[in-house]
Amino acid sequence: MKKLLFICLSFAGSMAMAQEDLSAKYAELVTKKGLKEKLTIVAGPEMEGRETGYPGQKRAAAYIEEQFKSWGLQPGNGNSYQQLFPVYIDSMTNPLLRVNGRTFSWDKEYSFALNAVNNGRRVYNNMVFAGYGIVDSATRVNDYAGLDVRGKVVIVLDGGTAAAATPRRGFNPLAAKLAAARNNGAAGVLLVTSTFPRTNPSPLKGRMTLAPIADPALFTATISDEIASALLGRTARIPFAELKDVKKGNYTAELQIGADRASEVRESSNVIGVIPGTDKAGEYVFVTAHYDHLGKRGDVIYYGADDDGSGTVSIMQMAEAFSRAAKKGDKPRRSIIFMAVSGEEKGLLGSEYYSEHPTVDMAKASADLNIDMVGRVDTERKTADTLNYIYVIGHDKLSSDLPIINEGVNNKYTRLVLDYKFDDPNDQNRIYFRSDHYNFARKGVPILFFYDGMLQSDYHKPTDTIEKINFDLMEKRARMIFHTAWEIVNRDNMLKRDTPLNMGTR
């Protein structure tokens, strides 16, 4: 009888263990205490705002790597936790625009973008005045009719005819001017505007990129009516308003244009830690956040506590919870990859580099859960749920499984209000294109992007500091994302890739 009782108790214990909710058990390790401890470091003064390619970013990368290593995550880039990549900062000096030997003044009479002109100087002698330079089949406007501009410099006026210049969906007058010149074989475009002299200086330094800037196939510059008049052979200035009356056609003048360009090369990195899966180890779930921010401006630090210190420490806290589960024998079925990305603030550079140099087969990636700002309340949100919401982006794109899984775990565990407003294809803020999930989505990987919506208040200001973080709400959001990740890594099938992307392109 005693033996039978022991067997029954053992069986009951086994049943209890089998029914244990492991997702709930390990989600409890995602705590506001742990989040705050980590964020105090990540958004602390010693990280100096974590600007890509600068010492603060490298210190942040070293800290994240140290934590991944201490929890037992495996390195995600061969034997390294960091995927290094170069970044380039181009600048130009000695910009020059000279017509028939007369040198004009930068920002007083002309300007051009760093990536819009050639390195060094080039000389052109053949000009074509093409009026407004618009070709638009919808309005039957063709300013290139009867003109041969191949290999020549085209002079076009800002604006256009009433029909062609009328704003309408899908038509950009400036883009149309450049496309028309390119399609007709022009060597360059000089856009005449009435905006000179400039009140704000044009930048001589470019944004950070993954490759040094190359010479453009079609150079472009913005010029004053004074320069246009000289190119059109006039000794007196033709006022901008009267240039529309100038005859279209060929003109001869000597134009020298260009600048001296140089590239500064720096190094950045993505920090990658992996918990290998069991029976589905060759399939992957990514959990990502960018750890870079804006750095310093003089002695003023842009701390980036919410953007994106909050996402960074959320993936770290989840990595710690998943690693604790694995050590107790509750390993994920799929391999889960925690990746802290750099270069997001410079144009999604780190995730772009990873998408072109992946460490795993992206066709085997079930999903990317991206977290970019989950620690604050949207100051523009005027509803009663401001302390119990999160914006979810991507729920109706790429995979029909996404909303079922995410809504299911949220209804079961956290009961947050899931707001989908940024999934509107007409979203004016274009949030879908503004964080690192985009570089997974463009490779076909289903994504969910979790975001607090804070676009006003302290966004991209030095006042984005840790004391403004709502850790109670952040904990709840991070736990919901943990539950979503737990479900995706442990379900029987990869997420279906069965829903078209309805957002256009970046």
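No hydrogens, no waters, no symmetry mates; every other heavy atom, side chains included, goes into these values. All residue numbers in this chain count up from 1 along the given sequence. Every value quoted in this text rests on a predicted model; they were computed, and no experiment measured them.
Shown here are the ring pair (Phe, Tyr, Trp, His ring centres under 6.0 Å) partners of F219, two or more places apart in sequence or in another chain: Y124. Taking R266 as the reference, E264 meet the salt bridge (charged side-chain N to carboxylate O under 4.0 Å, His left out) condition, with sequence neighbours excluded. Scanning for side chain to side chain donor-acceptor pair (under 3.5 Å) contacts around D90 gives S263, with sequence neighbours left out. A search for ring pair (Phe, Tyr, Trp, His ring centres under 6.0 Å) contacts involving Y303 returns nothing, not counting sequence neighbours. Remark: E344 pairs with no residue by the salt bridge (charged side-chain N to carboxylate O under 4.0 Å, His left out) rule, at least two apart or across chains. Shown here are the salt bridge (charged side-chain N to carboxylate O under 4.0 Å, His left out) partners of E48, two or more places apart in sequence or in another chain: R59, K296. Checked against ring pair (Phe, Tyr, Trp, His ring centres under 6.0 Å), Y110 has the following partners two or more places apart in sequence or in another chain: W106, F112. Among residues two or more places apart in sequence or in another chain, the salt bridge (charged side-chain N to carboxylate O under 4.0 Å, His left out) test is passed with K346 by E51. Every residue two or more places apart in sequence or in another chain that forms a ring pair (Phe, Tyr, Trp, His ring centres under 6.0 Å) with Y353 is listed here: F85, H357. Among residues two or more places apart in sequence or in another chain, the side chain to side chain donor-acceptor pair (under 3.5 Å) test is passed with D372 by H290, S435.
Contact detail for H437 and D368: the closest heavy-atom pair is CA-OD2, 3.5 Å. Across every non-hydrogen atom of G394 and L448, the tightest pair is C-CD2, 3.9 Å. Across G133 and V156, no two heavy atoms sit closer than the pair CA-CG1, 3.6 Å. Nearest heavy atoms, A221 versus I257: CB-CD1, 3.9 Å. Closest approach of L210 and P86 over heavy atoms only: CD2-O, 3.8 Å. Between Y413 and S23, the closest heavy-atom pair is OH-CB, 3.8 Å.
If you check the side chains of D260 and N94, you find a donor sitting under 3.5 Å from an acceptor. Using modelled atom types and a 3.5 Å distance limit, the side chains of D292 and S342 yield no donor-acceptor pair. N270 and Q83 share a side-chain donor-acceptor pair at under 3.5 Å.
Remark: aromatic rings of Y354 and F286 are close, center separation under 6.0 Å. If you look at W71 and F322, their ring centroids are not closer than 6.0 Å. Ring to ring, F422 and Y391 are close: their centroids are under 6.0 angstrom apart.
Looking at K331, its side chain never comes within 3.5 Å of a backbone N or O of P276 through a donor-acceptor pair. Not a single donor-acceptor pair under 3.5 Å links the side chain of N370 to the backbone N or O of F449. At distances below 3.5 Å, at least one donor-acceptor pair connects side-chain atoms of D464 with backbone N or O atoms of D307. The closest donor-acceptor contact from the side chain of N490 to the backbone of W486 lies under 3.5 Å. In this structure, T209 contributes its side chain and A211 its backbone to a donor-acceptor pair below 3.5 Å. A distance-only check finds a donor-acceptor pair linking the side chain of N388 to the backbone of R415 [under 3.5 Å].
Applying the 6.0 Å contact sphere to NZ of K328 captures no more than 12 heavy atoms from other residues, nucleotides or ligands. Atom NZ of K468 is surrounded by more than 12 heavy atoms from other residues, nucleotides or ligands within 6.0 Å. Residue K25 qualifies as enclosed at atom NZ: its count of foreign heavy atoms under 6.0 Å is above 12. Atom NZ of K443 has more than 12 heavy atoms from other residues, nucleotides or ligands within 6.0 Å. Residue-environment remark: CZ (R506) exceeds the threshold of 12 foreign heavy atoms within 6.0 Å.
Within the cation-pi definition used here (under 6.0 Å to the ring centroid, within 45° of the axis), R477 does not qualify as a partner of F450.
Summarising the geometry, atom CG belonging to L191 is positioned 5.0 Å from atom OG1 belonging to T222; distances are rounded to the nearest 0.5 Å. The OG atom of S111 sits 14.5 Å away from atom CZ of F104, with the distance rounded to the nearest 0.5 Å. To the nearest 0.5 Å, the span separating CG on D306 from OG1 on T463 amounts to 11.5 Å. Rounding to the nearest 0.5 Å gives a distance of 8.0 Å between CD of Q317 and CD of E37. I315 CD1 to M339 CE: the interatomic distance, rounded to the nearest 0.5 Å, is 8.5 Å. Here the CG-CG distance, from D424 to D396, works out to 9.5 Å after rounding to the nearest 0.5 Å.
A salt bridge links K397 and D423; the closest N-O separation between the charged side-chain nitrogens and carboxylate oxygens is under 4.0 Å. Between R324 and D330 there is no salt bridge, since none of the side-chain N atoms of the basic residue sits less than 4.0 Å from a carboxylate O of the acidic one. With salt bridges taken as basic N to acidic carboxylate O contacts below 4.0 Å, none links K38 and E66. Salt bridge E226/R102: present, at least one basic N to carboxylate O contact under 4.0 Å.
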Next on the checklist: Could you go through N77 and T359, starting from their C-alpha distance and side-chain angles, then the distance that decides it, and tell me whether this counts as side chain to side chain donor-acceptor pair (under 3.5 Å)?
Outcome noted: CA-CA 6 Å; N77 184 32; T359 57; 5.8 Å; no
Next on the checklist: With side chain to side chain donor-acceptor pair (under 3.5 Å) as the criterion, how do D308 and T312 come out once you've worked through the C-alpha distance, each side chain's angles and the decisive distance to 0.1 Å?
Outcome noted: CA-CA 6 Å; D308 183 30; T312 299; 4.6 Å; no
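With contacts defined as side-chain heavy-atom distances shorter than 4.5 Å, the pair P216/N115 does not qualify. Counting heavy atoms from C-beta on, the side chains of Y291 and V42 never come closer than 4.5 Å. For the pair E345 and H460, the minimum side-chain heavy-atom distance is below 4.5 Å. With a 4.5 Å cut-off on side-chain heavy atoms, D427 and F433 do not count as touching. The side-chain heavy atoms of I488 and R334, taken from C-beta on, include no pair separated by under 4.5 Å. Taking 4.5 Å as the limit, some side-chain heavy atom of T31 sits within range of a side-chain heavy atom of E475. L501 is listed as a side-chain neighbour of Y432, based on a closest heavy-atom distance under 4.5 Å. Side-chain contact check for M454 versus V377: every heavy-atom pair is 4.5 Å or farther apart.
Every pair passing salt bridge (charged side-chain N to carboxylate O under 4.0 Å, His left out) that includes a residue from residues 67-86 is listed here, sequence neighbours excluded: E65-K69. Pairs of residues two or more places apart, or lying in two chains, that qualify as salt bridge (charged side-chain N to carboxylate O under 4.0 Å, His left out) and include a residue from residues 198-218 are R122-D215, D215-R261.
No option in V87, T52, L84 other than L84 meets the side-chain contact (heavy atoms from CB on, under 4.5 Å) test with E267.
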